[in-house]
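Report on one structure; see the data block that follows.
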Amino acid sequence: MTTPAPVEDPSFSLAGTREPPRRVLMKGNEAIAEAAIQAGCDAYFGYPITPQAELLEWMARRMPEEGRAFVQAESELGAINMALGAGAAGARVLVSSSGPGVSLMAEAMSYMAGSEVPMVLINVMRGGPGLGSIGPSQSDYFQAVKGHGHGDYRVPVLAPSSIGEAMELVATAFELAEHYRTPVIILADGIMGQAMEPVEQHYRTPARQTAAWALTGADGREPRVVRSLHLAPEELEEHNAHLQEKFHAIAEHEVRWAGERLDDADLVIVAYGTAARVARTAIARARAAGLRVGLFRPISLWPFPSAELASVADRARGLLVVELSAGQMVEDVRLAVGGGIPVAFEGRTGGMVPSPDEVVEALRELDATGGPLRRRRVRRRPPIPVSGTGHLHPHEPMAEPETGHDALSIFGDDAWMPHWYTVPVPTRPTRNGHGRGQGRNGSAERRPDDEGGSR
Amino acid sequence: MTATVPAAPRVIYQRPARLTDVSTRYCPGCGHGIIHRLVAEVLEDLGVDGRTIAVAPVGCSVFAYEYLAYDWCEAPHGRAPAVATGIRRVRPDAFVLTYQGDGDLAAIGTGEIVHAAARGELITAIFVNNGIYGMTGGQMAPTTLVGQRTTSSPTGRDVRAAGYPVPMTEMLAVLPGVAFAARGSIADPSAIGRTKSYIRKACEAQIRGEGFAIVEVLSNCPVGWGMTAQESIRYLQDVVVQTYPLGVLVDRRSGAQAGSSGAQAGAARPGTPSGATRQAEPHPAGQEA
Ligand SMILES: Cc1ncc(C[n+]2csc(CCOP(=O)(O)OP(=O)(O)O)c2C)c(N)n1
Ligand code: SF4
Ligand SMILES: [Mg+2]
C-alpha cells in the first residue's frame, strides 16, 4: 500500500474537501471533530474541559466556516440541553466532554433516552473520581455502560482504539442515534484525544433519515410533542415496553468487536480503547517469549459482545482483562463467560497506563495458574472476527517486540496501519421492519456470516 | 330623523384557534390558564402560530402542550432556555417560546436563563411568578415574599435563613443581550391587558431579531398560598406587587420610546455599538427530511 506524504502545514483547511483519503498527522480530538463535521454534524455544543478542549476549539473554528451551529455553553448542563433542543428539532448533534462534565449531563441523557432524541456524546475520559486528574483513564466505563441518568434505559456505547477507528465510529454513532432515536456515547480517553497519529482522511456521511417526529412548527399538520413525561402508570409502562423492545433490538443487531491472534490462543486479553493498544504490544512480547496470547477487543461496550467472548473463552485457558481503571469491565467479562475459566485483571488508575511488560507479567501469572486447555472439548470453532476498521486483521503481521521502550510502546510496537476496506455494517431491521444493511459508501450488503465478528 | 342601521354582527371575543378545547389540570382560580390564553392570542395576532416551537417547563404548566397546540419540546427542570437555544440555533425560521415557573427559572434554572439572556438568544420567555413551588405542594421558592408561609417556611420566610426574594427580571434587564423585559400581572382586567401588550412586544423583539425578551407575569396559586381564589387575587394586588413592581424594566428595541414605570427605554447596550441588533441568519441545519 502506498503511503502519501504527510501534510506539513498543520493549518490546512478541510472545508468542502471530498478528495481521496490523504494520510496526515492529526491530534485525536481534532480528527474526531473533523470526522463529525464530515459526517454531517449540524450542531455542536460544549464546555471546555481537559483532555477534550481541542475538540471544542476545532468546532469553534470549523462549524461557523461550514455555516453550522456552534455554542460554547455556560456549563455542561447548558450544552447537553442545547443538544436536546437541537436534536428534538431534527438536527444531527454532537456534544463532547470528559468525566466531570459528563456527570453533569446525566440528567439530560435520561430525558433524551426517554423522549428518544438522537445525539452523540463523546467522553474523552480522564482520571476520577471527583476532579481526579487530567491523565488518560477508562474509569467512566460504569458511568457510560451502566449509568448516567435515572430510569430504565440503555444507550449504545462505542469504544475506538485508534484515532482512525474513532473517526469511523463517529459516523456509525450518528447512524445508530438516528436509526434507533437514541443518544449514543463514544468512549475515548485522554491518550486518544491528545495523541497525534497518522490518519487517513476517510470520511463517511450517513444518509439522513426521515424525522417524522421532529419539531419544525405545526403548520398544516398536527402538533408534535417531544417528551418523556407519561404521568399515567399504564401509559409509562407501555412507553417503557417500547423502549425495552428497542434496547433488545440494539443488543441483537449492534454488537461490535474485534479479535487478533485468537486462532491458537491459550490466553486471551480482553481490552478496549487505549488498553487494547498496550495489550497488542504485550501480546507481541509474550508470543516472543513462547506464550500463545490473543486479543478480544469489544468495540461496542453496550451491547457487550458477551456471546462472542464466551465462544472465544471456550477455547482458552484464561482471560486477562486490561484496563486503565480499577477493573470496571471485569464484571461484564465474568458475566459473559460464567465461572468456568479464570478471569484475571491488570490495570492502573489515576491517569497511569499499564506498561506492556506489566501486562506480560500478568500473562505469565495467568499462564501458571490458568486452568487446563479446554479447546478439545469444543466442537465448533468460533468465527474469525473482523474488526470495525480493518487495521486489526488477524493475519496482519505484527511488529517484532522491542524492549526498553515502554514509554513509547503504546504507539510504538504496533504502529498504526491504515488499511481501509468495506466495513461490514450490521444488518438491522428498519422502522418498518425490513432488513437493512449496506457497506461503506452504499456498497453491497455483507452478510453477517461472511466473516463473523462484527454483528 | 334617520333610522339607525343595526350593525352587522361581529365577533368580539372567541377562543384563540390554538387554545385547545379541553379542561385543564389546573386548580380552580389558577392564573396559568389566563396566561396561556394571552400567549395564544398574541401568537395568533402576530401570525407565528405555524412556526412556533415552544419549550415546556417542569412545574404545574408541564402539560402546557395539552392546552396550546404548537410543536413542543419538554425540558428538564429549569433547562428550558438551553433547550430553546438548541432549537433556535438549528431552526432559524422558527418562533421560539419558553414558558417557565419561578422555581424552574429563578432557582434550579438560574444559570440557563442568565446565559440565554446574555447571549441575546432570539427567544421569548414567559416567566410565571407565583412565588411558590406549586407542583410539588407549595414549598418556598426563591421568589417567595419575606414572611410568606409555605410548607417549607412554615413560620414565614425568614431572611436570616432563606435570604430575600430574587428580582430575576430586574437582574436580567441589565444584560445587553436583553431587548425587552417587563413585569405584568393577572390580578385584574387592566393588568391583564397590559401584560398582553408586554407579551406582544416581547414576541416582536424576537421576530425583528432584536434579542432576548422576557415577560414576568405575577400569578396566583390559591392552593399553595392557602387562600381562596378571590383572596389570592387580592393578595396579588395588594401585597405581591410591593415586592415586584409592575411595568417595563428595559426596552432596547429599536424605536422604543421612554415608557412608564422608570423603564430604560431605548437603553444603550454596554459593550455593544448603540442600537446594535442581531439578525437571525439563515442556517442550513436541520431541514425537515
Ligand atoms: C431535577 C428536579 N428536581 C426537582 C423536581 C421536582 N419539581 C417538580 S416541579 C417543581 C417546582 C415547580 O415550581 P415552579 O417552577 O414555580 O412552577 P409552578 O408549579 O409553581 O407553576 C419541582 C421542584 C424535578 N422534577 N426535577
Ligand atoms: S398548585 Fe398553584 S400553580 Fe399549580 S395548578 Fe394549582 S393553583 Fe395553579
Ligand atoms: Mg411557581
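Chain A is the first sequence line, chain B the second, and so forth, proteins listed ahead of strands; every chain is numbered from 1. As a basis for the values below, the full set of heavy atoms in this structure was taken, side chains included, without hydrogen atoms, waters or symmetry mates.
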Check each atom of [X] against the heavy atoms of chain B and say whether the ones under 4.5 Å are side chain, backbone, both or neither.
| X | value |
| --- | --- |
| A:Ala83 | neither |
| A:Ile80 | neither |
| A:Ser228 | both |

Margin query: Shorter than 4.5 Å, heavy atoms on both sides: which option in A:Ala86, A:Ser110, A:Cys41 has the most such pairs with chain B?
Written below: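 The candidate making the most pairs under 4.5 Å is A:Ala86.
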
Check: Highest number of heavy-atom pairs under 4.5 Å with chain B: which of A:Asp219, A:Val117, A:Leu215?
Finding: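 When all of A:Asp219, A:Val117, A:Leu215 are compared, A:Leu215 has the most.
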
Write down the atom of [X], the atom of [Y], and the distance for their closest heavy-atom approach.
| X | Y | value |
| --- | --- | --- |
| A:Leu84 | B:Cys73 | CD2-SG, 3.6 Å |
| A:Ala91 | B:Val90 | CB-CG1, 3.7 Å |
| B:Tyr70 | A:Ala218 | C-CB, 4.5 Å |

Note to self: Can you confirm whether A:Tyr111 sits close enough to B:Pro76 that some side-chain heavy atom of one is under 4.5 Å from a side-chain heavy atom of the other?
What the structure shows: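 Side-chain contact under 4.5 Å: yes.
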
Next item on the list: Evaluate the side-chain proximity of A:Leu229 to B:Glu74: yes if any heavy-atom separation is below 4.5 Å, no if none is.
Entry: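 They are in contact (side-chain heavy atoms under 4.5 Å apart), so the answer is yes.
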
Gap between atom [atom2] of [Y] and atom [atom1] of [X] - 0.5 Å precision:
| X | Y | atom1 | atom2 | answer |
| --- | --- | --- | --- | --- |
| B:Arg91 | A:Asp42 | CZ | CG | 9.5 Å |
| B:Arg119 | A:Gln72 | CZ | CD | 10.5 Å |
| A:Met82 | B:Thr85 | CE | OG1 | 4.5 Å |
| A:Glu107 | B:Ile108 | CD | CD1 | 6.0 Å |

Next item on the list: Using the salt bridge (charged side-chain N to carboxylate O under 4.0 Å, His left out) rule, collect all pairs that involve residues 227-243 of chain A, keeping only residues at least two apart or in two chains.
Entry: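 Counting only pairs at least two positions apart or across chains, the salt bridge (charged side-chain N to carboxylate O under 4.0 Å, His left out) contacts touching residues 227-243 of chain A are A:Arg227-A:Glu235.
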
Next item on the list: Step by step, work out the side chain to side chain contact (heavy atoms under 4.5 Å, CB included) result for B:Arg25 and A:Leu231.
Entry: CA-CA 12 Å; B:Arg25 301 170 195 242; A:Leu231 213 52; 4.1 Å; yes

Next item on the list: Go through the atoms of B:Ala75 and report whether side chain, backbone, both or neither lie under 4.5 Å from a heavy atom of chain A.
Entry: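 For B:Ala75, the backbone is the part near chain A, not the side chain.
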
Item checked: chain A contact via B:Val55 - side chain, backbone, both or neither, heavy atoms under 4.5 Å ->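 No part of it gets close to chain A.
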
Next item on the list: With chain B as the partner chain, list the residues of residues 93-104 of chain A whose heavy atoms fall under 4.5 Å from it, by residue number, and write 'none' if nothing qualifies.
Entry: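 The list, in residue order, is empty: none.
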
Check: For chain A, which residues of residues 60-67 of chain B have at least one non-hydrogen atom nearer than 4.5 Å to it?
Finding: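 So far as heavy atoms go, B:Val62, B:Phe63, B:Tyr65 are the residues that approach chain A to under 4.5 Å.
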
Item checked: Qualifying side chain to side chain donor-acceptor pair (under 3.5 Å) pairs, either residue in residues 99-112 of chain B, two or more places apart ->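 Of all non-adjacent pairs touching residues 99-112 of chain B, those that pass side chain to side chain donor-acceptor pair (under 3.5 Å) are B:His32-B:Tyr99, B:His36-B:Tyr99, B:His77-B:Asp104, B:Arg79-B:Glu112, B:Gln100-B:Asp104, B:Asp102-B:Thr143.
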
